[in-house]
Amino acid sequence: MDGEVTLPAPGQVAILGAVQTRYEAGKPHQTYNELVHEVVDQLLTETGVALKEIQSIVSASQDFFDGRTISGMAINEVAGGYLNSESKVAGDGIQALIYGAARILAGAYDLTLVVAHCKESEGQFHQITSTMFDPYVERPLGLDEHIAAALQARRFLGVSGAAEADLAAVSRKNHRHAMKNPLARRSGDFSIEEILASAEIVSPLRDLLAGPITDGACAILLGSPERARASRRPVSWIAGMGSSTDAYWTGRDLAASAALAQAAERAFAAAGIRKPLDDLRVVELSARYAHEELLYLDALGLGNGAAAKARLATGDFDLGGKLPVNPSGGALTGNPTCVAGLARVAEIHLQLTAAAGQHQVKDARTGLAHGASGICGQSQTVVVLRGDAPQRT
Amino acid sequence: MSESHWIVKQKIEIPFHYTPGPALLRFLEGLRDGKLFASGVRGESRKTVPPLSFCGRSWKPADDWAELPGTGTLESFAVVPHGMAELPQEGERIVFGLVKLDGADTCLAHLIHTKEPGKLKVGTKVRLRWRAERSPGIQAIAGFDLL
């Protein structure tokens, strides 16, 4: 196929551990490098790996949110990067994970630390996200991420036939899931009416249909098969990875995601997944906005012929349903930019190693983690993970 | 002394002067003259606005120019509530639209002028309105009116 990349065979890169901070509206008592230190220190403790054993680090952050360019400089030491090889991705943390996996697949390193951080609370969301847009014809209008997301949401509603109540149903499900996740930023048993009456951001977006401003960090330790065999804790395996980037947001139909369909096709082919709805047991999607979850589920084919909203209504995507989607609560309940995609991988790892606690999905052996970046999800990444053995709750 | 006293407040202001390439220059000069230009590859039907110098798909120069009529279809719209401090508000609520211009295959984001944003629908036909007073760049366009 045109643009096909060579994909790793299953089981070549393992996830040895995954740690997230609590997600909060603000973390005024920690600098961002202290957030990174918190997750890396806990990761070393949990995995029993010594700092000096890690020689490869890939980080993910956004300079505009950090208020500093080459902000990787400031986290180098707390990420174990002193006199080691550290490289930074100015995109979602799941892309950093793919680079980290490539470092191991290349045989260059047997361990790679992947870490993402962001303190959205310190900057100004409108001004920072407006700098994503074309400076000649778009930025003078005052566009920002919320406005673009609202345009995508309206397009999706208009084309798919979904109603605002369907978006509210996504929000209701995820905020209920988040009640079982002690790290979640926002949770609650909100009714559809409450969600549709929450404060308007940019119509049709409302407060409870969009992920709030959040601070947090996530770290994951990747290892070679040898490292995985030596691990004292359960590991999960990267079974397939796929990435694809679509046209700029004004050059495609925002109601669909051809890039996600292609990224999934690549990841599924590598992981041997033929019927995603049957073969996957848990899904974590990077959907900061409620409409994105339905749009992405449709692009992944998880509606299985029907629109995802129909399956949502039957409870299939609930914790305890046929295929739980965002049992952690997901990005809609609060994960910052850059961290959201890596947090999805962390959550799937917890599920596959039976370490997800109250939001554990029963018998989770295969899961999908998804990341997105760019205006209206221009760039899409899918990682399929497998557990070592059947897990019980 | 409270902890908040120690919060370091800064504002980063970096002036940029973005220079247009040849395709964008022609587009901007067109706006100045009240004309809307798109470009595409000779022999291909796809046209983009704002125009590009080359096509990233066929890898050929996009030097086939077309003047667009200024009508189009509302692909989507978003209504900004009153009080969104960062945006100028002149009485009525601001409505952003994505307009698929007739004769082009990409959308242009701009303002939609309507007194009743609640009645807008995806697929509504719109027409470009030029600003009465001469304004540089994309501000030469006042927005789109409903047809």
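Here is how names work: the chains are called A, B, and so on, in the same order as the sequence lines, proteins then strands, and each is numbered from 1.
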* Is any side-chain heavy atom of F96(B) less than 4.5 Å from a side-chain heavy atom of L141(A)? -> yes
* Over all heavy atoms of both residues, which pair between V202(A) and P81(B) is shortest? Give the atoms and the distance, please. => CA-CD, 4.1 Å
* Is it the side chain or the backbone of L205(A) that comes within 4.5 Å of chain B heavy atoms, both, or neither? -> neither
* What is the minimum heavy-atom distance between V137(A) and P50(B), and which atoms define it? -> CG2-CG, 3.8 Å
* Asked: If every non-hydrogen atom of G251(A) is compared with every non-hydrogen atom of R46(B), which pair is closest and at what distance?
  -> O-NH2, 4.5 Å
* **Interface moiety of V79(B) toward chain A, non-hydrogen atoms closer than 4.5 Å** => both
* Asked: Does a sphere of radius 6.0 Å around CZ in R131(B) hold more than 12 heavy atoms from other residues, nucleotides or ligands, not counting ones at 6.0 Å or beyond?
  -> yes
* Asked: CZ/R68(A) to CD1/I12(B) distance, rounded to the nearest 0.5 angstrom?
  -> 10.5 Å
* Hey, is the main chain of E75(B) close enough, under 3.5 Å, to the side chain of R155(A) for a donor-acceptor pair? -> yes
* Asked: What distance do E122(A) atom CD and Q10(B) atom CD have between them, rounded to the nearest 0.5 Å?
  -> 11.0 Å
* Could you walk me through whether L98(B) and T250(A) pass the side-chain contact (heavy atoms from CB on, under 4.5 Å) check? -> CA-CA 8 Å; L98(B) 268 179; T250(A) 50; 4.0 Å; yes
* **Y136(A) (side chain) donor-acceptor with T19(B) (main chain) under 3.5 angstrom** => yes
* Structure fact -> Note: vs chain A, highest number of non-hydrogen pairs under 4.5 angstrom among I7(B), T48(B), L108(B), L24(B) is L24(B)
* Asked: Minimum heavy-atom separation for G158(A) to V122(B), with atom names?
  -> CA-CG2, 4.2 Å
* Exceeds 12 heavy-atom contacts within 6.0 angstrom, atom CZ of F133(A) -> yes
* To do: Answer with side chain, backbone, both or neither: which region of F27(B) has an atom nearer than 4.5 Å to a non-hydrogen atom of chain A?
  => side chain
* Asked: Under 4.5 Å between any side-chain heavy atoms of Q152(A) and S76(B), yes or no?
  -> no
* Name the member of P117(B), C107(B), G97(B), G123(B) that forms the most heavy-atom pairs with chain A at distances under 4.5 Å. => C107(B)
* Asked: Would you find more than 12 non-hydrogen atoms of other residues, nucleotides or ligands less than 6.0 Å from I70(A) atom CD1?
  -> no
* **Contacting region of Q139(B) [heavy-atom separation from chain A under 4.5 Å]** => side chain
* Just how far is it from atom CD1 of I138(B) to atom CZ of R139(A), taken to the nearest 0.5 Å? -> 14.0 Å
